[in-house]
Amino acid sequence: MMPTTRRRVLQYGLTGCLMGLGSTSLGATMSSGVTDSEIVLGMSAAFSGPSRGLGIELFRGASAYFEHVNRNGGVRGRKVVLKIYDDGYQPDPAVKNTLTLMLEDEVFALFGYVGTPTVTRVLPMLKKFQERQIYLFFPFTGAQPQREPPYGAFAFNLRASYRQETAGLVQNFVDIGRRRIAVFYQADAYGRSGWAGVRQALRHYGEQIVGEATYRRGSKFTGVMREQVEILKASRPDAVICIGAYAACAAFLRDAVDLGLQVPIANVSFVGSENLLNLINQGRDDGVRYTAHLVNSQVVPSYHDTSIPAVKQYQELMALYAPSAPQELLTESYTPFSHSFVSLEGFLDAKMMVEILKRLGDRPEKGALEDAVFSITEYDLGIGEAVSFGPERRQGLQKVYYTVVDEDRFVPLYNWQNRFA
Amino acid sequence: MKIPKLFRKTLFGVFFLFGVIGVSTSLLCIYTVDTHLSKEYEANSKGIAKTIADASVNILLNSNLTALQSLIDQFVEIQGVSYIYITSETGEILAHTFVPGIPEEIRAGDATSTTTVERSLPGKGDFIEVGSPILAGVAGAVHIGMDTGLIALKIQRAIGQQIYLICMIFVVGVFAAIWFVNYAAKPVDGVLTFAVELAREQSADGGTSSKLLARNDEAGDLARLFLHFSQVTDVQGTRPQSGSDRGKE
């Protein structure tokens, strides 16, 4: 069992505190989670266990932007405070953390949760306590439950869905003649979400999943995935789409190459691309042998492309504030990446959140959150894709990007034919 | 410890009886525990399957397979539940808990059937699989595999405890039986010693003889009878008098 319910309150700089003290007290009652000096958001994510890299990087990216905002006057005079808990990417701790955040900490909103199995278990609680008007903003998962009834009304998503990611992967594979697609997935709600996406996309082309293999959530890179590889090899796939976390997917990639499964192996954005690459290259000189067939879909653009304004800002703020991992929640050492797709996503999530908080005016009310979100139409987040929300559109971004490994880093993939035909 | 010859057969009889009781109660226990647990497991798993089937209707009709998987993931944590899979009305497996993959035996089986079957999955063990239709079967079916290994383990535990108890009773019983046999044989030993002494024309130990002759049971009767025969023999003069007897006169 992962360690749980350890927490810390992050205070972004003295500037914000002093500024908050100087702000005018309105005297009247305010929504819980809001004071004259701060707005408190609650986050439960994986900061321990084999998937800790996802929670840590998402947190670091968001921290960089919140820090920047707080040091520059905050949101209408209030600094943004992030109260964080570790759930180890396990549903039960995530549920407990959410209860604490809602009932004890009384945060203004939930932000940046990590994972499908965790979020799908948290959503019913948001409905149960709907009179408290707690919304979940920008969870790091592309699953459908927080995008559809009956729980879609309690969440707002920024990233593209797994359905969109898998549909894009399938389309590109089919376009280059790779129609026999197998799926390797995590045996839980996340894996099923991706599996369902692949299944639906293949149906569009009159195909079906030719083989499937699963692994248990929490599997480590040191684990063996040979059985899974053998199962998929027997189905003679043209490509494999993986719906998993980086440790297990790296282990699968390693064993697949070692056992001669020489087909493109794709991962969706949740995998944590840099962590996966890091594991594959660990203690190896021949990492390229393992990454030659790798293709990962992403929901944010390349963090190397500084021609994109938000990416430029991300790089600058990450360098300026160098956000650290929450040391008090770490149970194992972790070396952060200077840049990563996950931290860029966290950064964009925070940027979007700040814009929403700004639109709430001088007296932020939970009841006004939905209208504030729906007021965002064709908003320029700085990545070249306009963001829009509405009652029937609870997902801001739609675009999916594809990346491959060249010279030990993920770069955009533009020509599938040349790479995988 | 010396067992009197007279009671050896009785003692063996007691041991034999213990053995019969031990074996028969163990067999009865195996049968009872096996039957009850199997029925209980089957009833429980049918209950779980029905619960999932009822809860799955809306989820399935909305094609929300993520929520469906999340639902069965919670139920598979129940002790004894080894696997769960949900099939569509056409038999396609829509959600399951198998790792590293769906066993061939499951794929080959009739996924639309909801009758209880016993399955043996290589490398996984033996299971009782129950099913429950979703929306009278038109939306699919829920299948739950209960680990019979767990039932076997519970039976072994119950039998082990029973055998332990019987062994303890047996050991205590053996010592108690020997003590009782010896206790019961003590007057007979006294009669035997008394008779031998009379035959040897020795004067028996006064205290012991008088206690024996005073007994109001079969041993006392027998001692008095031996003494009577001895005195009759002496009167008829058929037995030569010993020195001690002469001295007494």
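A note on names: the letters A, B, ... follow the listed sequences, proteins ahead of strands, and every chain is numbered from 1. Both backbone and side-chain heavy atoms feed into the values below; hydrogens, waters and symmetry mates do not.
- For B:Glu218, the CD atom sits in a loose shell: 12 or fewer heavy atoms of surrounding residues, nucleotides or ligands are nearer than 6.0 Å.
- Neither the backbone nor the side chain of B:Ile59 comes within contact range of chain A; no heavy atom of the residue lies under 4.5 Å from a heavy atom of that chain.
- Both the backbone and the side chain of A:Pro145 have a heavy atom closer than 4.5 Å to some heavy atom of chain B.
- Interface remark: B:Glu104 contributes no atoms to any contact with chain A (heavy atom separation under 4.5 Å).
- Within residues 185-217 of chain A, the residues that have a heavy atom under 4.5 Å from a heavy atom of chain B are A:Tyr185, A:Ala187, A:Asp188, A:Ala189, A:Arg192, A:Ser193, A:Trp195, A:Ala196, A:Arg199, A:Arg203, A:Glu212, A:Ala213, A:Thr214, A:Tyr215, A:Arg216, listed by number.
- In this structure, the portions of B:Leu94 lying under 4.5 Å from any heavy atom of chain A include both its backbone and its side chain.
- Within a 6.0 Å sphere centred on CD of B:Glu77, other residues, nucleotides and ligands contribute more than 12 heavy atoms.
- Of the listed residues (B:Thr66, B:Asp73, B:Asn62), the greatest number of heavy-atom pairs within a distance under 4.5 Å of chain A belongs to B:Thr66.
- Between atom CD of residue B:Gln74 and atom CG of residue A:Asp92 there is a gap of 8.0 Å, rounded to the nearest 0.5 Å.
- Of the listed residues (A:Met225, A:Gln144, A:Glu227), the greatest number of heavy-atom pairs within a distance under 4.5 Å of chain B belongs to A:Glu227.
- Heavy-atom pairs under 4.5 Å with chain A were tallied for B:Ala67, B:Ser63, B:Ala95, B:Gly101; the largest tally goes to B:Ala95.
- Within 6.0 Å of CG in B:Asn216 there are 12 or fewer heavy atoms belonging to other residues, nucleotides or ligands.
- The environment of A:Gln262 atom CD is dense: over 12 non-hydrogen atoms of other residues, nucleotides or ligands sit within 6.0 angstrom.
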Distance-only check: which donor-acceptor pairs under 3.5 Å involve side-chain atoms of residues 48-55 of chain B, not counting sequence neighbours?
residue : atom : partner : partner atom : Å
B:Lys50 : NZ   : B:Asp54 : OD2          : 3.1
B:Thr51 : OG1  : B:Gly47 : O            : 2.7

